[in-house]
Every structure is written in C-alpha cells, then in structure tokens.
Amino acid sequence: MGYTVQPHAQEVQEPSSEYYQQGIQLFDRGLYEEAAGELERFVNRREDHELALSARFYLVRARAKIDSTNKQSYYERFIADHPHTDFSSTLLFDLAEQAEQQGQYSKAINSYQRSLDLGLPRKKAAEVYYWMAEAAIAGGDTEQARRYFLTVGEEYPDSEWAPKALYTRGRLFLSENNYDASTEAFELLKEQYPNADITRRIGMALGESYYQQGRYEEAIGAFEDAMPYLDEEMTTKAVLLIAESHNYLQNYDEASKTYLQYINRTKGTDEERSAHYGLGWLYHKQEIYHWASDEFEKASEGSDELARKALYYKAVNEKLGSRYREAMETFRSFGDRFSEGPWVEKTYYEWAITAYEMGRYSEAIEVLLPLVRNEEELEWGGKVYTLLGEAYFANEEFTRSIQAFEAAEDVTDVDPAVKRQARFQKAWVQYSNQAYEEAQAIFQSLHQEVPDEDVGQEALFWSADAYYNMEEFGPAANQFSQFIQQYPGHELVGPASYSLGWSYFKMGNFEQAIGPFRTFLQEYEAPETALYPYDTDTRLRIGDAYYALGNYSEAIATYKQVVGAEPGGDYALFQIGNSHYRSERTYDAVTTLRRFLRTYPDSRLSEQAQYNIAYIYLNTGNYSQAVEEFQTVINKYPGTSWAARAQYNIGDTYYNAGDYDKAIEAYKEVMEKYPESDYIIEAANGIEYAQLSAGNTDASSSVLEDFLEENPQTSMADRLRFRKGDKLMQSGDYEGAIEEFQQYIRITNNQDLLPDAHFNLADAYEQTDQLDQAVSTYQTIVEEYPDSERAGPALAALGRIAYGRGNYQQSHSYFEQLLDQGGNRYRLEAYIGMGDAQIAMGNTSAAEEHYRSALQIDGDYAAANVGLAKVALNNGAYQDAKDLLNLVAEANTTEVGAEAQYLLGVASHENGNYEEAVQHYSRVSVLYGAFDSWIAKSLLGRARSFLRMEQPGEARSALNTLVSDYPDTPEAQEAQRLLEQTN
C-alpha cells in the first residue's frame, strides 16, 4: 500500500540539486546515514528550492531508519510542519502499516483517520477506508469493519473499491454465520454493481448464504449462476451444496443425481464421503433403511467427526430396518474404534438402548459404565444414569439400580424433566421391590411439582397404588379419586376406578365401592388377550358389596351375571347359595349349593359348600340331617380343616338337640382324630358346657390334661396350657392364674402368646394388690414386646398404677410414651392420662391442652369433657364445670358417667349449694352401683355436705354406710375419723 512522492526529472538534472540527487540515490540503496548527510546539506543550502520539501521528507525517513525508536517523533514533527501535503499522508500510512505489523490495530486505524482528516483525493480516501476496515477485522472489531466497508460503498460509489468493500462486507457476515445480513449485503452489491468483475464472483457466497438460511431454491439458483465463474475446487463444492439443497427440498431424484455427480468429481478422495453421507440421509428420509446404512458405511472410513456420525447413523438405520444383529455389530465396531471424543456419548447411549431393548441388560450396563466413569464430560448425564438404572433393574441388581437413579437426580446440568424421569424410575424400582413407603413419597412429590405433565399425572396413580399396597386404603382412595377427577381422559382411569372400588371395599365402605366398580365395567376395554378377567372379578366384588350390605336380591342378580365364567363362576354360584340362606330362603340355598357341588366338584369351595349345607340344617333345627351332612364333609374331605370343623359341629348339633352324651363323645372325637386342629379348645369348651348342661361335674380340665399327656408335641399344646390359666382368671382364681401363667412362661416355646401371658399375669398381680410385681411384669411387656398388641394396654396400666400411687410425673411419662408408641388406638387414653396427671400436679393449663387435644380427635369424647370440667373446677368456674358435666352424666352409664355425677356434687359443694350437692352425690349410688370407688367418694362428699348444713345425723348415717359397705377404701378411713369427731 506504499504511497511515495518521486522528484521531478527536470529538477534532478540541475546542478543545484546535486546533493538532493545523491541523497535520493543513497536512500534507495539503503545507505541511510550517508543519504541523511547529503539531504541535510541540500536543505541547509537551498531552503527555498522547489525540492526542499521533498528533501525534508526523505531526510525524515532516513533519520527514522537510522533511529527507529524515535521514528514517531520524526514523523510527527514533519506532519506538524507540513500537514496538508501528500508527504504527510505517506508518513501516516507508514505509521499505520507499522502499527498493523505490531498488532496495534486501533493505532493503525487512528493514523489512517488522521490522513483522511488532512485531506485525500476521493480515490485514495476510498482505499484508505478499505484499509481501515481490514485493520478493524484484524483487530477483531468486525462491526466497525462493516461500517468502514459500508462507508466506501455509500460515500465513494464510483470508486473501484466500492464493490470490493461490499463484497468483503458480505463475506464477513457469512464468516460470522449471520446469513440474513450476508444475503442482504450480496444482494446490495448485485443491485448496485451488476457488471463488476467481483459481482460475478458473489454467486458462490450468495448461494452459501441462501443455503445456510434454508432458502434452498434460491441457493440452487445462485450456485448454478455462479458455475461459469468458479474454479474447479469451488465448482465441486457448489455441486455438493446443490445436492444437499435438493435433499432438504425432498427433490430426491435431483439430489441423488447431483450426489452421484459429486462422487464422480471426487472419486478416490476423502471428499467423496460427504456425498455418501448425504445419500445416506436421502435414503433414510425415504425409509429405504438398508440403502441408507450402505451409504453411511461408505462415509464411515477414517476417524474424523464425519466418520463417527456416519457409523452412528449406519447402526440407527440397521435398527430401523429391524436388522438388530447388524446394528449391534455396528455399535460394537464403533466402540472398538472410538472410546472418546465427538459422538461417543450419543452412540454409546443408543447402543445401550438397543441392547436393553433386545434384553441384553448386562451388555447395556457394560456400555454405559465407561460413560459414567467420565461423568464430568457427560452432556446427557441424567439420561445416561437413568438408562443405567433401568438396565440394573431389568438385570435384577436392585441396589445398584437405585444408586444409578439417585446419581441421575444429583446431576445438576441436565433438563429438570430428565431428573424427574430419573426420580420416577427410582420410585418405580422401590415400588417393584415393595418399598412402598419410599416410593409413595417420591411419586407424590413428582405429582405436586408437575401435576400437568405426563410424569406428574402417572405419578399420582402410582402414589395411590403404593398407599393401597401399604394397606392405607383411605389415602389410596383419596388419591385414586383425585386422579379420576383431574385426568378423566388418562389411559389409567380404568385401573384407577377398579383400584378405587377395591380401596373402598377393603375399608368396608361397600356402598361407596359399587360406583367405581360399575364405572370400571362401563369404561374399561379389556385387551384381546387378558391375563386376568377383571370384568369377572369386578362383578364378583359388586356382588360381594351388595352381600355385605345385606341387599341379597341385588347380590344374587349380580352374581348370576358371572355364573359359568372361568374362573369365578364357582364362587358366584356359591355366593348365590349363601345369599339365599341369608335371605332365609333355606330351600333355595340348599338347592343352589347342591347344584354347585354337581357343577364344580373340584372347586376349592366344594368343602365349604358341603359344610354350609350341613350348617343350614343345623340352624333350621333339622339335627339328624345336619349330622348326616356334616358326616359327608368328613367322608369326602377327610384331610381338610373342614373335616375337623364338621366333627366339632356334630358335637354342637347333638348339644343343641339336648343329647349331651353324644355331644361329649363328638367333641372328644375332635381331640382324638384331629389333635392338630384349631378346634381342640372349642371342643374342650363344648365338653365343659355339655357336662354342666347335663348336670354333671366339669371334667374338661382332666380331658385336656389327658390330651396333653397323649399329644405333648401338638401345636395346640401351648394354647391349651394358656387356656388353663385364662380359665382361672375368668373364674376369679387370681392366685391360681398367677401360678399357671408363671409356669406357662417358663416352659412355652410359643412366642406369639407370651405377651398375652405376661399381660394376664400382670393383671392377676394387680387384682391381688401385688402392685410391684404387676408393674415389673407390665414393664417386661413394654421392653421385650414393644410391637405387640399388649404393649399399649401395658403402658396404660403402668400410667394408671403410678397415678393411683400418687406418682403423677411418672404417670404422665407412661402416658406420654403411650402417645408416642401406642398408635392411633391409644391416643385418646394417652391424652386423658396426661391431662389427669397434670391436674394432679396443679398444672391446669397443660392439662387443658391435653384434654383439648383429645377433643380434636373425638369432639364428643366424654372423658375429655370431664377433664375440662376438672380444669374449670380448679379455676373456680363452677357453672362452666357443671355445663360440661351435665352433658356426660345425662348420657353416659360407664365409669366416666359416675365420675361426672360425682364431680357435679363437688361443683355444687364448692359453690356452697350443699342441698344440690347431696342430690348429685345420691345419684351416684342410684345410677352407678357397679362403681364402688365413686360410690365411696360420693358417700363421703354427701356426709361433708350434711355437716355443712348442720345435719350431723344424716352425716353419720352416710359415714356409717361408707364404713360398713366399703371398708377397704381410702374414703372409709376418712369416714371413721369424721365419725370420731362428730361423736
């Protein structure tokens, strides 16, 4: 871009310019010091010569060559002295070029701008703007570069640089993938300079812009227009892009023809693969998958990204063409060739999916493991871990499956939808492994997060089903109902209706169960090959619901719809017989059951059907026929539990007929023939009742002893020994019961009955006032059998005993433990126990809180209202206490009612209404005669009220009754003291 000023020839010839001429020659030879000397002599001697300015120009340049570090200052002095000269512009160009060489592009642009400011011819100015644009490009400021190019085109349109600037501006846009702008720039060039040489060259660039914008028709036209002006290399490129454009436009014939043209032009070169890749896509889109895979194979040579993509799509098309074996071989080939780099993750993932779909779970796992070992490089971390979890699950490696799903959840750089899918799969693994509680929590959280997405909708169904499997049928019913209401069009609405019906059925809400079952029948479409006849099962459950509701006519009508079905028809006919019996149509019942036995002789219900026939005769008083039918059960089904049961019922039949001797013999036969039967204890009881009914001495205990001696290893031995102690308890022989249960605990191997044995032993201790032993035994239950059904009552008993002994804090602790460990069944008792203990300790506010907690569970709970009345009494709110107590006393005949009636007397006495107090106290004895402790308290209260009214005779009468009738009560001791005082 040099711009120099040459001396005029005629001036050089003059002798006066000899120094000047010599200086120029020396400068051109690179002898800058000598040149500077000659030029300086010329300037000093001929300051006014016409060549003086030129001499100064070369002198400055020579000095800058000699002393390059001060070049800028030499130049700047000259420019300052001679600003509007061509020489100054030349120096500025030199400074700009130097700055560009040093990478100081802003400085270069500044120098060019100064030259423009000093004034340049239009042609030169256009060129300088072009140089400035190139400097801006080199400096990375493409936006500024485009402005300079546009300035050339707009301000110097007649310059030869204008079309060049517009062309370069378009190419710049194209390099930045700004295809809209590049197209606009090229179209502007084509419009303004249609005949310029460079315009003929824009066809290729304009075609690329159209191509990148998806304007394929226009791209094809631009490429074809550019063909005559392109060299061989660019022509080949244009052919490929024309083929690609036809491919995108689905002009498959033209695309195929042009791809083949490209292949011919590039035969034997690496570029040929691009056309095979394009042909692969062309055939893929036409669903000619075997041709597509062949073309992708031809493009898969080498190790570049094109080879990787081609090998991937070769496998995909083999898979789409149902050539799974070939697809797996291609995926394996990819794995052998590439273990890292582009397309590895995508290909390995698809490889693993294919292996998973083919049931090759171990291979899927092996393919995915290398990916997860490089977790930091994964783009699809969530998807990879999720698939790994599914593969582990299918391979029955459940622990690793859950770990993989948890890892998928923890990957933070994945789509939240993928993470939710991973959580869903994790919950599904837990559900499938019967970890229903953990699964339900995840399913429910997913539904709450995205209730309108597919995964959230399905999660609600499985949350409900997890509840169902946990036998929490209430929450299950709520969520199934919610699912049906929110997603009426969902494919799982049918199963949800079925499960909702079952949830209600399991809870005993038979009337509510019928509706969902009927909805299921109306809307559910069974598959062509059903593994289970859900329609049959549903009708049976509807029939069972009507049966449970006592609507036997509807039950029979529903069961009849299923008679003949397989399976289920036998149960339907059996239940029709039972429904007739429940409707007191015994003839129809027996007739139907006999029909059942003829139709389904091998049914699992046949034993019970024959038994039911016998039982109907027993209940209708046809004893001889009943015995015959029971004997038929024994003869036809000798090895079943029904045989033992029938034998026992023969005893019951004789007992009801009043033939006690035959009854006893029948009961004994149960013990002889069926020693392992569950009816041994019932048979022993039968012997007892028959002997007592016959007026004989009860010999059942000796019969049991003989049985145990003969059958010491029978499974019933423990229960029989337990029965012996239980009988003693029922007869009131607590000392005997203590001895028997102590013996039972020492020798039994039956862990199931030990909590009951300890509880009965503790109860017997309590009944005999051996409270220390009772407490110790109750504590044994709590400590050793915390999960037994006796743990709750044991804690309640401990709380009650501690309260009776005045250990109120300890009592509170026991009831608090009962609240934490006893479950819902004992919450009310726990709150009342804690409240009573707090009242006794004077903590009325804490007591009130406990009582109100009980009322939140049951708003009509009498004991809680009595507790609040005690709080009111302590606070002196007598009328509030009476209002609460009257509600209980008027409607409750239990011990709570007795306490309420007594406290009414206390409230009246404390309020000074002694006559009213006497009336309330007196009602305790009249209405609650079974509760001695409250009668004793009331007698003492009555006496005190009489004393307040100065009626000592009435007081002594009440006290004497208390001492004589209830001598062992604490109130009797107080009564004796008062009697001594009043005498």
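Using modelled atom types and a 3.5 Å distance limit, the side chains of S945 and H909 yield a donor-acceptor pair. Inspection of the Y623 and D659 side chains reveals no N or O donor paired with an N or O acceptor under 3.5 Å. If you check the side chains of Y785 and R790, you find no donor sitting under 3.5 Å from an acceptor. For Q879 and D883, the side-chain atoms include at least one donor-acceptor pair closer than 3.5 Å. No side-chain donor-acceptor contact under 3.5 Å links E915 and Q919.
Checked by atom type and distance alone, the side chain of N892 pairs as donor or acceptor with a backbone atom of T894 at under 3.5 Å.
A889 and L904 get closest at one heavy-atom pair: CB-CD1, 4.0 Å. Considering every non-hydrogen atom in both S788 and I781, the closest pair reads OG-CG2, 4.2 Å.
Counting non-hydrogen atoms of neighbouring residues, nucleotides and ligands closer than 6.0 angstrom, the CD atom of E554 exceeds 12 such neighbours. No more than 12 heavy-atom neighbours from other residues, nucleotides or ligands sit within 6.0 angstrom of CZ on R948. The number of heavy atoms from other shown groups lying within 6.0 Å of CD (E472) is above 12. Atom OH of Y615 has 12 or fewer neighbouring heavy atoms from other residues, nucleotides or ligands inside a 6.0 Å radius. Environment of CD in E511: sparse, with no more than 12 heavy atoms of neighbouring residues, nucleotides or ligands closer than 6.0 Å.
With a 4.5 Å cut-off on side-chain heavy atoms, L978 and R956 do not count as touching. Side-chain contact between N478 and Q482 is absent, with no heavy-atom pair separated by less than 4.5 Å.
For the ring pair (Phe, Tyr, Trp, His ring centres under 6.0 Å) test, no residue two or more places apart in sequence or in another chain qualifies with H447. Residues passing the ring pair (Phe, Tyr, Trp, His ring centres under 6.0 Å) test with Y966, sequence neighbours excluded: none.
Aromatic ring centres of Y654 and Y660 lie farther apart than the 6.0 Å criterion allows.
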Could you give me the CA-CA distance, side-chain angles and deciding distance for Y851 and Y831, then say whether ring pair (Phe, Tyr, Trp, His ring centres under 6.0 Å) is met?
CA-CA 6 Å; Y851 294 136; Y831 279 126; 9.8 Å; no
